[in-house]
Amino acid sequence: QVQLVESGGGLVQAGGSLKPSCVASGTIFSTYAMDWYRQAPGKQRELVAQISSFGSTNYASSVKGRFTISRDNAKNTVSLQMNSLKPEDTAVYYCHHGRGYWGKGTLVTVSS
């Protein structure tokens with residue numbers, strides 16, 4: 001059974017930092033790209049950051065320079081370091097596996 005379990009969301013003031021993580025089980029991890037998506041209330045889900053199996057990364061323009069995606073293949077974990085958070089970063093953040101699996105999400109709330 002494939003599971004992607006996110007953790008590390010929470011409430012933070014604008015300018016603060018959070019680092020949600022996602023642990024994968026029941027599937028091959030190291031040879032697949034991993035992504036973080038987010039969905040704000042009333043908006044479509046959008047891609048935030050990607051990391052390939054080789055470690056190359058891509059970011060949405062809205063988070064470039066503030067967010068950093070990383071992976072630890074030994075621990076089947078992908079993380080998203082989020083700095084200089086803004087109220088518009090408030091959303092549910094989802095982990096996505098390259099085979100199409102999704103986690104249930106972790107809520108990030110940034111207060112002004």
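Bear in mind the structure is a predicted one, so any value in this text is a computation, not a measurement.
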For [X] against [Y], the heavy-atom pair lying closest together:
X: Asn73; Y: Phe29; result: OD1-CE2, 3.2 Å
X: Tyr93; Y: Leu80; result: CD2-CD2, 4.1 Å
X: Leu4; Y: Cys95; result: CD1-O, 3.8 Å
X: Ser53; Y: Thr31; result: CB-C, 3.7 Å
X: Ala14; Y: Pro87; result: CB-CD, 4.1 Å
X: Thr106; Y: Pro20; result: CG2-CB, 4.0 Å

Report task. Go through the structure and list residues passing salt bridge (charged side-chain N to carboxylate O under 4.0 Å, His left out) with Glu46, not counting sequence neighbours. Result -> Arg38

Query - Residue pairs, two or more places apart or on separate chains, that pass salt bridge (Lys or Arg N to Asp or Glu O under 4.0 Å) and touch residues 58-67 - result: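 Residue pairs passing salt bridge (Lys or Arg N to Asp or Glu O under 4.0 Å), neighbours aside: Arg66-Asp89.
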
Query raised in the report: Going hydrophobic residue to hydrophobic residue with side-chain gaps under 4.5 angstrom, can you get from Val78 over to Val108?
Result: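 Shared cluster, yes.
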
Query raised in the report: Is there a chain of hydrophobic side chains (I, L, V, M, F, W, Y, each step under 4.5 Å between heavy atoms) that links Tyr59 to Ile51?
Result: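 Result: yes, single cluster for both.
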
Can you tell me how far apart [atom1] ([X]) and [atom2] ([Y]) are? Round to the nearest 0.5 Å.
X: Ser56; Y: Gln50; atom1: OG; atom2: CD; result: 9.0 Å
X: Arg99; Y: Thr27; atom1: CZ; atom2: OG1; result: 5.0 Å
X: Thr90; Y: Leu107; atom1: OG1; atom2: CG; result: 8.0 Å
X: Arg45; Y: Tyr37; atom1: CZ; atom2: OH; result: 9.0 Å
X: Lys86; Y: Ser112; atom1: NZ; atom2: OG; result: 14.0 Å
X: Met34; Y: Ser70; atom1: CE; atom2: OG; result: 11.5 Å

Measuring only between side-chain heavy atoms, which start at C-beta, is [X] closer than 4.5 Å to [Y]?
X: Tyr94; Y: Gln39; value: yes
X: Phe67; Y: Leu85; value: yes
X: Ser79; Y: Lys19; value: yes
X: Met82; Y: Trp36; value: no

Query raised in the report: Considering residues, nucleotides and ligands other than Ile28, do more than 12 of their heavy atoms fall under 6.0 Å from its CD1?
Result: no

